Structure formats: C-alpha cells, structure tokens
Chemist: 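I am attaching a structure below and will ask some questions about it afterwards.
Worth saying up front: this structure is predicted, and the values here are computed from it rather than measured. Computed from heavy atoms alone, side chains included, the values below leave out hydrogens, waters and symmetry copies. In what follows, every chain begins at residue 1, and chains take the letters A, B, ... in the order their sequences are listed.
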2 protein chains.
Amino acid sequence: MEEVERLQHYFQVLSDVNRLRIIKFIDKEKRSVSEIVKNSSMSQPLVSHHLKVLKNSHLVETQREGPFVFYQLTNPKILDILGLFEEMLPKENLVSDFSPMFCCPSWWGNSN
Amino acid sequence: MEEVERLQHYFQVLSDVNRLRIIKFIDKEKRSVSEIVKNSSMSQPLVSHHLKVLKNSHLVETQREGPFVFYQLTNPKILDILGLFEEMLPKENLVSDFSPMFCCPSWWGNSN
DNA sequence: TATTTATATAAGTAGTCATTTATATTGATG
DNA sequence: CATCAATATAAATGACTACTTATATAAATA
C-alpha cells in the first residue's frame with residue numbers, strides 16, 4: 001500500500017464527527033461501550049460500528065473485563081495530532097461543504 | 001460551526017488520494033491546471049473538480065495569468081501536517097478498509 | 001469576430017458509507 | 001440451564017461523492 005493511500009485511509013477514518021467525538025471522549029481513559037453510548041447521542045449498534053472502524057485501523061484497542069469491553073486509544077498522540085490540526089487549518093468560513101451554495105453567474109462579478 | 005465539525009470537514013477534504021497527490025505536487029510552487037493534469041492520471045474536469053474542493057476549503061488559492069490559472073498552497077504548513085501524519089499514524093496492516101476481510105467465525109479462536 | 005487554448009461547470013451514474021432496525025453472541029448470575 | 005445485561009453483527013436504506021461525458025466560459029490571437 002502506497003504511503004498516500006495510507007494517509008487517505010486515516011483521513012477517511014477521521015472524517016466523521018461521531019468517531020472524532022468518540023476519540024476525544026475516550027481521551028486517555030479506558031471507556032466501556034456503554035459509557036461511550038451514554039456520553040453520545042448514538043445508538044449502541046452505531047457506537048459499536050464506529051468503534052470497529054477505529055479498531056480496524058489500530059487507533060483504539062480493546063480489553064474485556066467480564067461483560068464489559070473497554071476501549072482505549074492505542075496511541076494518545078492522536079489527540080495531539082487532532083490539536084495540531086485544529087490550530088493549523090484555515091479558519092475562514094467554508095463554502096458549504098463540497099457543493100458551493102447558490103451564487104450569481106460568474107459574469108455578475110464575483111471572483112470565480 | 002463546531003470545532004469538531006471543522007475538523008471533520010478538513011479530514012474529509014484530505015481523504016482522497018487524488019487531492020493528496022495534487023497538494024503534494026503543488027508543493028511550494030505555483031502550478032497551472034494543465035501542469036497538474038499532465039502530472040496526474042486524471043481528466044482535466046476531474047482535476048478542476050478537486051481543485052475547487054481544495055479552494056472552497058481555503059487550502060489552495062488561485063492567481064490568473066492570461067489564460068492560465070495558477071494554484072498554490074494557501075499555507076505550505078499543510079505539507080508538514082501531512083508529514084506528521086505519515087510519521088505518527090499506526091503502520092500495522094489495515095483490516096481491509098471499513099469492511100474487514102473474510103475471517104472465520106469468532107468461536108474459531110480469533111480475538112474479536 | 002471566429003478560432004483556439006485553458007479552465008470551469010453541469011448532469012448523470014455508480015459505488016461507498018453512516019445510520020437504523022432487528023437479531024445474535026457473550027458473560028454473569030439466579 | 002434460563003435469563004439478563006453488555007456488546008457485536010447483519011441487512012436494508014438513504015445520502016453523499018468521485019468520476020465521466022458533454023458543454024460552457026474566458027482569454028488570446030488570427
């Protein structure tokens with residue numbers, strides 16, 4: 001697998017608010033699935049799904065204790081990376097996602 | 001817009017090999033669309049599409065010179081961020097994208 | 001002004017992924 | 001062993017987006 005594809009993969013894994021929230025909630029702790037569910041507005045199966053995605057990418061690891069499964073960050077440095085991103089990425093208003101919001105035709109005088 | 005949503009947005013923008021390759025090709029230079037097309041295996045409209053996504057997120061900015069439009073990185077620090085990511089992210093084999101590859105049922109003895 | 005080159009936009013399509021709903025598995029305990 | 005609580009999986013669906021093909025715009029030049 002090419003380096004740029006690995007990058008792409010991880011960006012994709014991280015490009016989901018729910019997964020980001022889970023990562024930030026787990027933080028440096030060990031959190032059971034039910035804790036994560038309670039903390040979030042997601043259904044339990046949805047949380048499990050996202051945890052699986054994170055685990056498949058080795059961003060979290062698990063530890064069973066009786067009926068509970070605890071998740072923790074494989075490498076808490078991921079939190080620093082997120083922090084870096086928040087700092088360094090442009091803070092200008094985003095043109096509505098991928099499809100820009102309606103605007104007049106270009107000959108009206110905007111800069112496109 | 002919540003901070004975590006901004007994060008998500010940028011991760012999504014970066015979660016595409018073609019866009020990553022464009023960013024890395026532009027590097028610290030000014031590159032015309034046609035240069036980028038030649039350097040890649042993409043069609044011209046596809047390149048334009050990706051450039052628009054990058055521009056909408058203020059990751060690149062443009063400069064017209066006659067018939068040419070030159071794109072450059074708004075902030076070359078993005079290159080450092082990508083470098084950091086490559087270094088810091090886990091290098092274990094990824095379980096095939098989001099859907100894990102076939103494996104035996106769990107009672108066969110694997111660790112799920 | 002007609003033509004050519006460089007770039008952007010539009011519409012359509014296929015594939016992917018987040019989410020929901022329903023069900024299965026696993027471990028503990030009565 | 002039956003039941004309950006915790007978690008995982010499966011199937012179905014809707015939304016989104018990368019990509020293609022076709023066309024439009026914009027600048028330069030004949």
Chemist: Can you find a side-chain donor-acceptor pair between A:Gln63 and A:Gln72 that sits under 3.5 Å?
Modeler: yes
Chemist: Is the cationic atom of B:Arg31 (NZ for Lys, CZ for Arg) positioned less than 6.0 Å from the six-membered ring centroid of B:Phe25 and within 45 degrees of its normal?
Modeler: yes
Chemist: To the nearest angstrom, how far is A:His49 atom NE2 from C:dT16 atom C1'?
Modeler: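 It is 11 Å, rounded to the nearest whole Å.
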Chemist: Which sits closer to the 5' end of DNA chain C, A:Val17 or A:Glu65, going by the nucleotide each is nearest to?
Modeler: A:Val17
Chemist: How close or far is atom P of D:dT21 from atom CE of B:Met42, stated in whole angstroms?
Modeler: 16 Å
Chemist: From NZ of A:Lys55 over to P of D:dT9, roughly how many Å is that when rounded to an integer?
Modeler: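 So the NZ-P distance, A:Lys55 to D:dT9, works out to 8 Å.
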Chemist: Would a distance-only check, ignoring hydrogens and angles, find a side-chain to backbone donor-acceptor pair under 3.5 Å from A:Lys91 to A:Glu86?
Modeler: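 Confirmed, A:Lys91 side chain pairs with A:Glu86 backbone.
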Chemist: When you get a sec, tell me which of D:dT9, D:dA18, D:dT21 is the closest nucleotide to the side chain of B:Pro45?
Modeler: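 So the side chain of B:Pro45 is nearest to D:dT21.
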Chemist: Between A:Asp27 (side chain only) and A:Glu29 (backbone N and O only), is there a donor and an acceptor less than 3.5 Å apart?
Modeler: no
Chemist: Please produce a list of atom pairs where a protein N or O lies less than 3.5 Å from an N or O of nucleotides 2-7 of chain C.
Modeler:
from, atom 1, to, atom 2, distance (Å)
C:dA6, O3', B:Pro67, O, 3.4
C:dT7, OP1, B:Val33, N, 3.4
C:dT7, OP1, B:Val69, N, 3.2
C:dT7, OP2, B:Ser34, N, 2.8
C:dT7, OP2, B:Ser34, OG, 2.6

Chemist: Using atom NZ of A:Lys52 as one end and atom P of C:dT19 as the other, report the distance to the nearest whole Å.
Modeler: 16 Å
Chemist: Please give, in whole Å, the distance from D:dC16 P to B:Asp16 CG?
Modeler: 18 Å
Chemist: Would you confirm whether B:Thr74, through its side chain, and B:His58, through its main-chain N or O, come within 3.5 Å as a donor-acceptor pair?
Modeler: yes
Chemist: Roughly, in whole Å, what's the span from CG in A:Asn18 to C1' in C:dT20?
Modeler: 13 Å
Chemist: Using whole Å, what does the distance between atom C1' of nucleotide D:dT17 and atom CZ of B:Arg19 come to?
Modeler: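 The distance from CZ of B:Arg19 to C1' of D:dT17 comes to 9 Å, rounded to the nearest Å.
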Chemist: Rounded to whole angstroms, how far apart are NE2 on A:His50 and P on D:dA8?
Modeler: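 To the nearest whole Å, that distance equals 14 Å.
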Chemist: Can you see which heavy atom on B:Phe11 is nearest to which on A:Leu14, and at what distance?
Modeler: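 Taking every non-hydrogen atom into account, CD1-O, 3.4 Å.
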